[in-house]
Protein chains: 2
Amino acid sequence: MHTTVSHYLDRFIDKIETRDALTPTERAALTGLPQKLVQTAARARIVEEGERPTHCCTVVEGIVYRSKVAASGRRQIISFHVPGDMVDLHTVLFKVADHTIETVRNTTVVLIPHDAILRTAEDHPALARAFWYDTLLDASIQREALLNNGRRDTRARTAHLFCELAVRLKRVGLVNGASFELPLTQTDLADALGVTPIHTNRVMAKLRAEGLIAFGGRSITIFDWKALVAIGEFDTTYLHLEGPSDLHL
Amino acid sequence: MHTTVSHYLDRFIDKIETRDALTPTERAALTGLPQKLVQTAARARIVEEGERPTHCCTVVEGIVYRSKVAASGRRQIISFHVPGDMVDLHTVLFKVADHTIETVRNTTVVLIPHDAILRTAEDHPALARAFWYDTLLDASIQREALLNNGRRDTRARTAHLFCELAVRLKRVGLVNGASFELPLTQTDLADALGVTPIHTNRVMAKLRAEGLIAFGGRSITIFDWKALVAIGEFDTTYLHLEGPSDLHL
DNA sequence: CGCAAGATTGAAGTTTGTCAAGAAAAGTGG
DNA sequence: CCACTTTTCTTGACAAACTTCAATCTTGCG
């Protein structure tokens with residue numbers, strides 16, 4: 001367990017600071033949070049549904065997702081998480097995890113104890129607000145996913161998901177030109193979109209045949225951003241990129 | 001705008017207190033929140049997607065839902081809200097509403113200014129935590145909806161939704177025996193379940209024919225709770241009924 | 001009473017799922 | 001670096017779930 005200042009949380013802190021400036025004290029409180037660096041294998045379970053987690057998980061490198069499983073065994077991926085995301089900040093107030101957290105490939109994450117986060121929130125109202133904001137944004141992304149999967153066909157869903165991931169990865173500097181690494185299998189994508197992998201494959205093949213995207217080798221290239229945005233009805237309002245309310249107390 | 005103590009928030013406060021005891025001071029801070037009582041007509045829009053709300057909405061009587069609309073015009077209902085629910089507590093930190101809030105029938109709600117809520121949260125860390133918890137539970141319910149709509153067939157989805165509403169209404173004393181008022185149209189239900197009203201009608205008709213439920217006259221009766229729970233794979237873990245983490249600072 | 005909204009039913013079409021098999025790519029051990 | 005194994009991707013044919021269009025019936029309400 002590190003207790004010295006590290007930079008593993010830099011992306012997370014940067015994200016918070018684009019929303020609301022922090023004082024040096026507040027920033028120090030974040031960088032000083034106890035951190036346990038963990039390197040995982042591919043398909044590692046960080047938290048399992050029903051467990052009682054004691055730490056929050058922040059992505060340093062790689063992709064992490066949260067999922068729930070129906071009685072039939074069919075899996076629904078709830079959300080994907082990119083570097084800088086605190087994946088399960090909400091577990092600080094829940095006893096039992098209501099979903100599983102898994103890595104896609106070799107991934108680096110940082111674990112932070114719940115009690116340290118709660119103490120930080122109590123000592124620094126601005127940080128309490130920042131944590132709260134982060135979980136609210138997470139919920140907003142879930143609402144859009146509910147609309148996406150409920151009221152758009154698979155073609156639009158797929159386009160929407162790629163647009164969202166492109167924007168979120170771009171914000172942390174992980175998009176090169178029109179390409180970004182996305183080491184997900186088509187089964188992963190299917191489980192996020194609520195369809196079968198076979199169907200996902202056909203829909204993606206059509207997008208590729210139309211020259212809109214390319215994929216393979218664990219990465220995605222978007223050739224026609226405007227077209228993909230139109231197909232996916234992608235509107236960034238729900239990402240609340242403009243930052244939080246101007247209300248300062 | 002009331003500034004005297006009222007009991008419109010009693011159900012909300014009760015809900016919070018089942019999770020974590022409040023001090024008299026904290027309770028007073030909640031009951032003393034400025035409140036604007038609003039009686040709405042049926043199908044009234046309280047907040048519209050894209051607006052910049054300045055108040056939070058708490059349900060006093062009736063049913064309220066949040067929805068988003070796809071470009072095709074198809075509507076997705078994100079969640080239903082029962083008396084005692086603070087529907088859009090998350091808007092305190094967002095500038096722009098990412099969804100619409102509507103009432104089903106004549107409904108009573110209470111509006112509370114954002115700045116009052118934020119000030120209360122800043123002055124009372126326990127209340128900041130309680131507000132945070134409330135929005136986290138909301139997000140957990142959304143995750144279950146994502147699983148429900150993505151990985152269960154319409155029969156299971158419908159059963160699950162009725163089970164959830166029964167539990168949530170029971171917690172606020174709005175279930176009589178096996179029946180509860182639910183003044184939703186089948187189109188409302190369809191928009192929540194991500195299917196067409198015609199299909200919803202057929203699925204519900206089958207549940208009725210099997211003697212599991214009755215509906216009509218704006219209310220639902222569940223004759224066979226165990227069977228409905230089994231069909232809907234309903235497990236209350238995601239409702240976090242056990243209260244928040246035991247961690248007290 | 002009569003209108004309007006919602007519920008119900010039928011028939012036909014579309015999207016998506018299931019089963020099955022082969023091809024390509026990635027990982028593994030020598 | 002190659003041969004082998006496993007995973008992932010891709011394609012075809014068929015089945016099931018769900019949608020669409022259309023019409024009728026019922027109910028709530030002024």
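All heavy atoms count here, side chains included; hydrogens, waters and symmetry mates do not. Per chain, numbering begins at 1; letters A, B, ... match sequence-line order.
Evaluation of the side chain to side chain donor-acceptor pair (under 3.5 Å) test over residues 223-234 of chain A, restricted to residues two or more places apart or in two chains, returns A:R152-A:E233. Residue pairs meeting the salt bridge (charged side-chain N to carboxylate O under 4.0 Å, His left out) criterion with at least one partner in residues 194-208 of chain B, sequence neighbours excluded, are B:K206-B:E210. For residues 185-198 of chain B, the salt bridge (charged side-chain N to carboxylate O under 4.0 Å, His left out) pairs, not counting sequence neighbours, are A:R151-B:D191, B:R43-B:D188, B:R75-B:D188, B:R75-B:D191. The ring-ring contact (aromatic ring centres under 6.0 Å, His included) contacts involving residues 178-197 of chain B comprise nothing, where partners must be two or more places apart or lie in separate chains.
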Could you go through residues 213-223 of chain B and list every donor-acceptor pair under 3.5 Å that involves a side-chain atom there, pairing it with any protein atom two or more places apart or in another chain?
from, atom 1, to, atom 2, distance (Å)
B:T221, OG1, B:S179, OG, 2.8

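The minimum heavy-atom distance linking A:F80 with A:L165 is given by the pair CB-CD2, 4.0 Å. The two residues A:T103 and A:A42 make their nearest non-hydrogen contact at OG1-C, 4.0 Å.
Remark: the A:H90 side chain and the A:H99 side chain contain an N/O donor-acceptor pair separated by less than 3.5 Å.
For B:K15, the salt bridge (charged side-chain N to carboxylate O under 4.0 Å, His left out) test picks out B:D85, B:D134, with sequence neighbours left out. Judged as a ring-ring contact (aromatic ring centres under 6.0 Å, His included), and not counting sequence neighbours, the contacts of B:Y238 are B:H160.
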All N/O contacts under 3.5 Å from nucleotides 27-29 of chain C to the protein, with atom names and distances to one decimal?
from, atom 1, to, atom 2, distance (Å)
C:dG27, OP1, A:R105, NH1, 3.4
C:dG27, OP1, A:R218, NH2, 2.8
C:dG27, OP2, A:R218, NH2, 2.8

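Between the P atom of C:dG10 and the CZ atom of B:R202 lies a distance of 8 Å, rounded to the nearest Å. Distance, B:I220 CD1 to C:dA7 C1': 13 Å, rounded to whole Å. Atom CD in B:Q186 sits roughly 12 Å away from atom C1' in C:dA5 (whole-Å rounding).
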How far apart are the C-alpha atoms of A:E144 and B:K68, what are their side-chain angles, what is the distance that settles it, and do they pass the salt bridge (Lys or Arg N to Asp or Glu O under 4.0 Å) test? CA-CA 8 Å; A:E144 184 70 17; B:K68 302 186 74 157; 2.7 Å; yes
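Heavy-atom neighbours of A:E61 CD from other residues, nucleotides or ligands within 6.0 Å: at or below the threshold of 12.
Among the nucleotides C:dG6, C:dG17, C:dG10, the one closest to the side chain of B:I198 is C:dG10.
Looking only at distances, no side-chain donor or acceptor of A:T107 sits under 3.5 Å from a matching main-chain atom of A:T40. A donor-acceptor pair under 3.5 Å is absent between the side-chain atoms of B:R66 and the main chain of B:S79, judged by distance alone.
Atom CG of A:D98 is separated from atom CG of B:L136 by 10.0 Å, given to the nearest 0.5 angstrom.
Axis angle between the ends of the helix from C:dC1-D:dG30 to C:dG30-D:dC1, five pairs each and rounded to 10 degrees, works out to 60°.
The stretch residues 66-80 of chain A does not touch DNA chain D, since none of its heavy atoms comes less than 4.0 Å from the strand. Contacts with DNA chain D (heavy atom under 4.0 Å) in residues 149-158 of chain B: B:D153, B:T154, listed by number.
Comparing A:G217 and B:A205 by the nucleotide of DNA chain C whose heavy atom lies nearest to each, the residue mapping closer to the 5' end is B:A205.
In this structure, A:R43 reaches neither bases nor backbone, as no heavy-atom distance under 4.0 Å exists between it and the strands shown.
Taking the 5' to 3' direction, DNA chain D first and last meets chain B under 4.0 angstrom from a heavy atom at D:dC18 to D:dC29.
When each of B:D88, B:T91, B:V87 is checked for a side-chain contact (heavy atoms from CB on, under 4.5 Å) with B:V47, only B:D88 meets the rule.
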